[in-house]
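Report on one structure; see the data block that follows.
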2 protein chains.
Amino acid sequence: MIDKQSPIPIYHQLEEYIKQLIENGKLKPDEAIPSEREYSEQYQISRMTVRQALNNLVNDGYLYRQKGRGTFVNKQKVEQKLQGLTSFTEDMKERGMMPSSRLISFEIIPAEPQLARKLDIKENTPVYEIKRVRMADNLPMALETTYLPANLVKGLTEEIINKSLYQHIEEKLSLTIREATQQIEASIAKETEVNHLQVDSGSPVLLIVRTSFLEDGTPFELVKSAYRADRYKFVHTMQRAAK
Amino acid sequence: MIDKQSPIPIYHQLEEYIKQLIENGKLKPDEAIPSEREYSEQYQISRMTVRQALNNLVNDGYLYRQKGRGTFVNKQKVEQKLQGLTSFTEDMKERGMMPSSRLISFEIIPAEPQLARKLDIKENTPVYEIKRVRMADNLPMALETTYLPANLVKGLTEEIINKSLYQHIEEKLSLTIREATQQIEASIAKETEVNHLQVDSGSPVLLIVRTSFLEDGTPFELVKSAYRADRYKFVHTMQRAAK
DNA sequence: TGTGTTTAGATGTCTATACCAGTTGAAATA
DNA sequence: TATTTCAACTGGTATAGACATCTAAACACA
């Protein structure tokens, strides 16, 4: 279980070991794990090393401590950090619905000043503009416009868009999106939205503007969406850094 | 600077001291701070104690380390990670506005089934219900209702609420909120919202429902807010987990 | 000039020990 | 029987020292 000769730090080995037990369900929520001194004796490692492993797991939200009582397994899972960073497709699948799209327009346009600023490119640099109605279980859910700098994503075709834009980006172009900023606001559906989303005029919509960045911080895409408020709730989980 | 006789742990004193230097701008981004051994010798404390302080600051995002080189000050991003997890007060200050509140009602009520489920308590368990109009620069911004299990937060008074509920919770009751889930949706202002927020009927509002959890995963509070869509944008940054 | 090599100093890992401060349950006491 | 006391746990804080690993600059050599 613990290999002292391994180049992998002992605390990290213990960390992974306990993490596995939790993820396998062998350690259940609110169950106490062995005490620091027990780990220390069982594996013949110092208590401070055990503490280093446990501290990391506490920071990651796997465990919580209670002075005088012990260390316990936490309930929630750590995942879901990318909620909202995923594509519409993944988002809908997650919600158990069948996603689909209807392409409204697809063209290359010169970037307007505001767009150029957000994508950190020069004015009038060519960008792809993709307008789609996004549907879930064949019901209109959102009206979405995506802007991609043409130099970053060459040779985009209607076919690729209809298949899976994200898959193309990640697998074929091997680009990884690392970070995204979202702005969320409420509004009343405008005329195009009323038409494409098939809602009454005066209906509320949730506007989401997302800017994604690559590993090196380059802005990669800007997506503006208008969601039908009666069908869509945006959910996300945040963790506070440990004190 | 460091008082060994103080009941406050040394590592925590050092932590606060360095944090201050960063927030005052006396330590600038990407600047190296003194080495662990320097701190250790200067204040006559052990290196491990220094490391405990620095590790906490690294976890909180104030510092970053480079093996073989040193420990450096991070760019001020810490706030952003808790965006949406912070209180209305902090949120507005962050946006450069002056927050204030007007208490509408404050009472203890028995938890209804739905609320009881969300706070993971039994039906009819007493909970505090606090209704407030939240203002920024003296303009109504949101209508907010907070529910707190009475057994977790004993002895709440109007005075405490008007001063700083969060400060009371964190400092006096020494409870730490570790995680929160938010649901965000768009809607049209209802009558009470129209009245309290001073908007026209038919105006869009952003509804945010937040559930906060303590370190051990216990649900701690439920906050329902209706924000004026014309004044409030919800912004958040997400990072994708490394693959 | 350019390329290895040494070296000082940084963080990273780990040990062994000590005492403090909550928690709990069993033993001693009223 | 009911209560109090206390010992044996728990995690929290702190020390001192050892060796590993990495970085960057100084140095030596071809």
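Nothing here was measured: the structure is a model prediction, and the numbers come from that model. Sequence lines set the chain letters: A, B, ... in the order given, protein chains first and strands last, and positions in each chain run from 1. The figures that follow rest on heavy atoms only: side chains count, while hydrogens, waters and symmetry mates do not.
Taking 4.0 angstrom as the limit, A:Thr49 places none of its side-chain polar atoms (N or O) nearer than this to OP1 or OP2 of C:dT13. Between A:Thr71 and D:dG11 there is a side-chain polar atom (N or O) within less than 4.0 angstrom of OP1 or OP2. Remark: A:Ser35 is in phosphate contact with D:dT10, judged by side-chain N or O atoms under 4.0 Å from OP1 or OP2. The side chain of B:Gln52 contributes an N or O atom lying less than 4.0 Å from OP1 or OP2 of D:dT13.
Rounded to an integer number of Å, the gap from CZ of B:Arg65 to C1' of C:dT13 is 12 Å. Remark: P of C:dT17 and CE of A:Met48 are 14 Å apart, rounded to the nearest angstrom. As a whole-Å value, the separation of A:Arg69 CZ from C:dG22 C1' is 11 Å. The interatomic distance linking B:Ile2 (CD1) with D:dA14 (C1') rounds to 13 Å, in whole Å. The nearest whole Å value for the distance from the CG atom in A:Asn55 to the P atom in C:dC14 is 14 Å. Distance, B:Ile45 CD1 to D:dA14 P: 9 Å, rounded to whole Å. Atom P of nucleotide C:dA18 and atom CZ of A:Arg51 are separated by 18 Å, given to the nearest angstrom. For the pair A:Asn56 CG and C:dG12 C1', the computed distance is 13 Å after rounding to whole Å.
In this structure, of C:dT11, C:dC14, D:dG11, it is C:dC14 that holds the atom nearest to the side chain of A:Tyr11.
Pairing each heavy atom of B:Pro99 with each of B:Met92, the nearest pair is CB-CB, 3.9 Å.
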Pair B:Tyr128-B:Phe106, ring-ring contact (aromatic ring centres under 6.0 Å, His included): steps then yes or no: CA-CA 7 Å; B:Tyr128 286 109; B:Phe106 168 47; 5.8 Å; yes
Verdict with supporting geometry, A:Lys118 and A:Glu221, salt bridge (charged side-chain N to carboxylate O under 4.0 Å, His left out): CA-CA 9 Å; A:Lys118 288 193 177 173; A:Glu221 67 163 357; over 6 Å; no
Test salt bridge (charged side-chain N to carboxylate O under 4.0 Å, His left out) applied to A:Glu41 and A:Arg47, step by step: CA-CA 8 Å; A:Glu41 282 170 30; A:Arg47 191 180 146 216; over 6 Å; no
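Residue B:Gln13 is classed as having no contact, given no heavy-atom separation below 4.0 Å to the nucleic acid.
The line from CG of B:Leu14 to NZ of B:Lys19 is 11.5 Å long, rounded to the nearest 0.5 Å.
Residue side chain B:Arg37 does not reach the base of C:dG9 through any donor-acceptor N/O pair under 3.5 Å, judged by distance alone. Judged by atom type and distance alone, A:Arg47 reaches the base of D:dG12 through a side-chain donor-acceptor pair under 3.5 Å.
Looking at which nucleotide of DNA chain C each of A:Ile10 and A:Lys67 is closest to, the 5′-most match is held by A:Ile10. Between A:Gln66 and B:Ile8, the residue anchored closer to the 5' end of DNA chain D is A:Gln66, taking for each the nucleotide with the nearest heavy atom.
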